[in-house]
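Quick notes on the structure that follows.
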Amino acid sequence: MNQEQFDKIEQEITPPTPYVKNVLKAFLVGGLICTIGHAITYFYIIFFDFTEKTVGNPTAATIIFISMLLTGFGLYKKIGQFAGAGSAVPVSGFGNAVISAAIEHRTEGFVLGVGGNMFKLAGSVILFGVSSAFVVSLIKLILVTMGVIEW
Amino acid sequence: MVIIFQSKPSIIASAAVAGPLERKSVFYSYFDSVVEDERWHQTTNEQGNAKMIEEACQILLKKANLNNLDIDFFLAGDLVNQMTPTNFAAKEIAASFIGLFSACATSVSSVIIACLLTELGASKYAIAGASSQHNSTERQFRYPIYYGAQKPATAQWTVTAAGFTLIGKHNPKNPSIVAATVGKVVDYGQTNPFHMGAAMAPAAYDTITKHLEKRKQTIKDYDVIMTGDLGKIGLEILKRMFAETGATQEELNIFRDAGAEFYGEDKSFLAGASGAGCSASVYFSYILQQLKDGRYKRVLLVATGSLLSPLTFQQGETIPCTAHAIEVTME
Amino acid sequence: MKKLVLPIFLSILLVGCNDEKTLEVNNANGEEVKEVAAIIKNEDEINSGRAIFVEDQLLVAVQAKPWLDYKKTKIEKNLKKKLEEILPEYDITVSSDYKLYWEAQKLLKEEDSEKVKEKLEKLKKLKKEET
Amino acid sequence: MIFIDFLLAFIVGGLICAIGQLLMDVGKMTPGKTLSILVVAGSIISGLGWYQPLIDLAGAGATIPITSFGHSLTQGAIAEAEKHGWVGVLTGMFEVTSSGISSAIVFGFIAALIFKPKGKVN
């Protein structure tokens with residue numbers, strides 16, 4: 001059995017990824033999480049002193065709190081298996097990545113275990129977020145200095 | 001490399017224990033003990049894994065009416081870093097110990113070494129086997145337990161289970177190991193750690209064909225050829241590989257896979273079970289029972305293992321795999 | 001499911017367009033109210049508005065049509081410019097923020113002009129807050 | 001009217017997640033890589049000035065997906081750069097951090113105190 005023969009067999013038998021189904025599920029669950037977030041937004045605007053501009057922070061915190069409960073009771077994992085990116089892309093997925101790592105490494109203590117491993121999955125998001133913010137604002141600053149665009 | 005055991009060492013006794021989720025297994029009734037808590041009432045998952053090994057060995061010794069001073073060698077392995085659960089369990093068992101790692105193929109590789117030591121006359125009784133614990137293995141190889149990553153349909157579920165055997169001198173009343181094949185490492189360039197079946201199938205194919213060739217046997221000489229944990233898709237790939245090289249449908253029906261059958265048709269386990277404890281617990285409970293009951297006369301147990309680590313996978317390496325086989329007969 | 005979403009979306013869009021524009025103004029001298037009402041009524045992009053007059057202050061809280069929300073800062077600026085042209089003597093605050101729109105509803109019912117003024121200052125501060 | 005507001009949040013949020021799923025399935029990316037790409041995309045879109053209109057349009061549909069994380073960091077850096085020039089590019093990012101990070105840290109710590117991992121099946 002040579003490499004090509006095997007590759008052919010492997011490709012024939014491995015079930016194809018159900019792209020359409022997966023994308024639809026991600027759309028529905030992701031949309032639903034955002035709709036819940038939108039409801040929370042209105043809650044904070046109506047009952048607290050938040051405007052549309054400032055309401056983002058308490059909303060994200062609330063979503064992550066819900067995500068903590070779902071993660072801790074093992075439910076977020078089930079949602080993730082169904083929804084894929086639908087539950088990974090919203091900020092609750094970021095929370096899930098941090099919180100699940102924190103729970104997992106609890107047995108190694110709070111300093112090296114929780115502290116050292118909390119961002120082992122989500123750390124890349126912070127790295128790329130901060131780096132690209134730096135690069136983008138630098139480019140903008142250069143362009144403004146050159147007089148190409150305005151602030 | 002095919003080894004023929006002249007003295008035909010026997011499997012004097014065997015024991016299989018499993019975790020709570022393994023109640024869903026179709027082999028559930030063959031297990032000696034099922035524990036409610038997957039940590040075996042310990043603080044950490046790794047301690048739970050060690051406790052599981054200890055419990056399996058205790059059951060094994062009880063069945064054989066021996067105590068741990070009678071044991072010459074303890075040969076075992078698991079999937080956690082440096083096999084620490086097995087190391088800690090070995091401390092309690094207090095026999096001469098060699099830790100083994102062939103990933104999920106450890107269940108068979110440990111038996112092969114035990115047979116060699118028995119054949120050599122160095123060992124009167126040797127314990128051989130393997131275990132895996134879902135939580136500690138997931139953390140070792142994949143993501144935290146509660147992380148919501150989507151697994152594809154080709155992914156397999158690591159079982160919480162352990163299977164151990166007591167290998168001793170030939171005894172016609174017990175199943176005996178007449179030959180074994182120590183597999184080479186085979187790599188067909190598979191890189192997806194969520195599709196282990198495809199990576200391991202060529203290793204199983206290589207080992208089975210070598211074994212049959214050297215032993216001058218055909219597939220039909222066996223009542224069953226059971227692979228370790230290729231899973232549903234991996235088993236299909238293996239069958240197709242044999243079909244392409246001229247096996248008939250009747251012959252293909254002889255192939256079975258412990259991982260593919262472990263959880264039955266339950267879709268939530270995706271492509272089936274995996275882990276060193278999967279093949280160990282099925283081989284050393286269900287298969288041995290079938291041999292003792294006389295339903296099978298000759299079986300080939302082929303445990304497959306994928307020899308990757310999270311490090312090699314992240315560095316973009318392919319997944320090298322191996323498969324070890326033992327030929328077990330009942331007179 | 002996806003097939004269903006679009007027709008539902010479109011039908012609501014159409015129903016939405018037929019909605020009467022709502023405009024609420026608190027009691028104040030007639031002339032200015034009419035002028036403000038006329039301007040808001042002429043803005044097609046605005047769905048509803050609430051105007052609060054108190055002394056020399058004017059708060060206009062509007063809600064753009066939801067599907068035009070993406071340019072609401074522009075709508076806001078535009079409206080402010082127009083209002084300042086006709087009512088130069090007023091200190092005008094225009095906002096498309098839902099918070100101000102919601103609070104304006106409470107102000108509409110408030111009789112005590114001192115309290116209205118106090119609340120208005122607070123809202124203006126809120127509006128300036130950044131994340 | 002309020003129904004359309006929610007519908008827009010649903011559609012925009014759903015579409016961003018659908019893009020993420022395509023990156024994962026078609027691009028064969030790990031979740032970590034997908035999220036990193038989305039954050040960078042959010043940052044670039046924000047730099048072009050198109051992310052704020054998206055938030056105005058969809059509300060939580062644009063603030064809940066991880067792309068908004070890149071947006072808030074970029075806006076922080078840009079605002080400071082506008083005020084303080086070159087130094088501002090660096091200091092800006094410390095001023096505006098997403099509440100997502102801080103709340104994830106706090107709740108992660110709390111979760112580590114109260115929960116134990118168990119291997120439940122999907």
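Just so we're on the same page: letters track the sequence lines, and every chain starts at 1.
Per-residue counts of heavy-atom pairs under 4.5 Å with chain A were compared for D:Val106, D:Val40, D:Thr63; the largest is that of D:Val40. Contact count versus chain D (heavy atoms, under 4.5 Å) is highest, among A:Pro58, A:Pro90, A:Ala83, for A:Pro90. Most heavy-atom pairs under 4.5 Å with chain A: of the set D:Ala18, D:Gly47, D:Ser36, D:Gly42, this distinction falls to D:Ser36. For the options A:Thr107, A:Val98, A:Leu127, heavy-atom pairs under 4.5 Å to chain D are most numerous at A:Val98. The residue among D:Ser43, D:Gly13, D:Gly32 with the most heavy atom pairs within less than 4.5 Å of chain A is D:Ser43. Contact tally against chain D (heavy-atom pairs below 4.5 Å) for A:Gly84, A:Ala85, A:Gly113: the top residue is A:Ala85.
Both the backbone and the side chain of A:Ile126 come within less than 4.5 Å of a heavy atom of chain D. Contacts between D:Ala58 and chain A at a heavy-atom distance below 4.5 Å involve the backbone alone (N, CA, C, O). With a 4.5 Å cut-off on non-hydrogen atoms, A:Thr145 touches chain D through its side chain but not through its backbone. Interface remark: A:Phe82 contributes no atoms to any contact with chain D (heavy atom separation under 4.5 Å). In this structure, chain A has no heavy atom under 4.5 Å from any part of D:Thr34. Residue A:Ala122: no heavy atom, backbone or side chain, is found under 4.5 Å from chain D. Only the side chain of A:Thr41 comes within contact range of chain D, judged by heavy atoms closer than 4.5 Å. Looking at A:Met68, both its backbone and its side chain come within 4.5 Å of chain D, counting heavy atoms on both sides. D:Val26 touches chain A through backbone and side chain together, each having a heavy atom under 4.5 Å away. When heavy atoms are compared at a cutoff of 4.5 Å, A:Ile63 approaches chain D solely by way of its side chain, counted from C-beta outward. Contacts between D:Asp56 and chain A at a heavy-atom distance below 4.5 Å are absent for every atom of the residue. Interface residue D:Ile78: backbone and side-chain heavy atoms are both found under 4.5 Å from chain A.
Looking at every heavy atom in both residues, D:Ile64 comes nearest to A:Cys34 through CB-SG, 4.0 Å. Minimum interatomic distance between D:Gly108 and A:Ala102 (heavy atoms only, all atoms of both residues): O-CB, 3.4 Å. D:Ala77 and A:Ala133 make their closest contact through CB-O, 4.1 Å (heavy atoms, listed as atom of the first residue, atom of the second, distance). The two residues D:Ala111 and A:Ile99 have their closest heavy-atom pair at CB-CG2, 3.4 Å. Minimum interatomic distance between D:Ala112 and A:Val114 (heavy atoms only, all atoms of both residues): CB-CG2, 3.9 Å. D:Gly100 and A:Phe94 make their closest contact through O-CE2, 3.9 Å (heavy atoms, listed as atom of the first residue, atom of the second, distance).
A donor-acceptor pair is defined here as one N or O able to donate and one able to accept, closer than 3.5 Å; no such pair exists between the side chain of A:His38 and the backbone of D:Ala9. With D:Gln21 contributing its side chain and A:Ala26 its backbone, the two residues share no donor-acceptor pair below 3.5 Å.
Looking at heavy atoms from C-beta onward, A:Phe128 lies out of side-chain contact with D:Leu35 at the 4.5 angstrom threshold. Using a 4.5 Å heavy-atom threshold, the side chains of A:Leu141 and D:Glu82 count as separate. When side chains are defined from C-beta on, D:Ile105 counts as touching A:Phe119, because their heavy atoms get closer than 4.5 Å.
Between the OG atom in A:Ser132 and the CD1 atom in D:Ile37 there is a gap of 12.0 Å [rounded to 0.5 Å]. We find the NZ-SG distance between A:Lys25 and D:Cys17 to be 14.5 Å, quoted to the nearest 0.5 Å. To the nearest 0.5 Å, the span separating CZ on D:Phe115 from CZ on A:Arg106 amounts to 13.0 Å. Here the CG-CG distance, from A:Asn22 to D:Leu22, works out to 9.5 Å after rounding to the nearest 0.5 Å.
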Side chain to side chain contact (heavy atoms under 4.5 Å, CB included) between D:Leu113 and A:Phe110, worked out: CA-CA 9 Å; D:Leu113 283 170; A:Phe110 275 101; 3.3 Å; yes
Side chain to side chain contact (heavy atoms under 4.5 Å, CB included) evaluation trace for D:Trp86 with A:Ile142: CA-CA 9 Å; D:Trp86 299 95; A:Ile142 291 168; 3.9 Å; yes
From CA spacing to verdict: side chain to side chain contact (heavy atoms under 4.5 Å, CB included), A:Phe134, D:Val89: CA-CA 6 Å; A:Phe134 176 74; D:Val89 174; 3.5 Å; yes
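Between D:Phe10 and A:Phe27, the two ring planes are perpendicular [angle over 60°; tilted spans 30° to 60°].
Between A:Tyr42 and D:Phe6, the ring centre distance stays below 6.0 Å.
With A:Val125 as reference, D:Val39 is the one residue of D:Val39, D:Leu38, D:Ile101 to meet the side-chain contact (heavy atoms from CB on, under 4.5 Å) rule.
Annotation: D:Lys33, atom NZ; neighbour count of heavy atoms from other residues, nucleotides and ligands within 6.0 Å does not exceed 12. In the displayed structure, A:Lys8 atom NZ is contacted under 6.0 Å by at most 12 heavy atoms of other residues, nucleotides or ligands.
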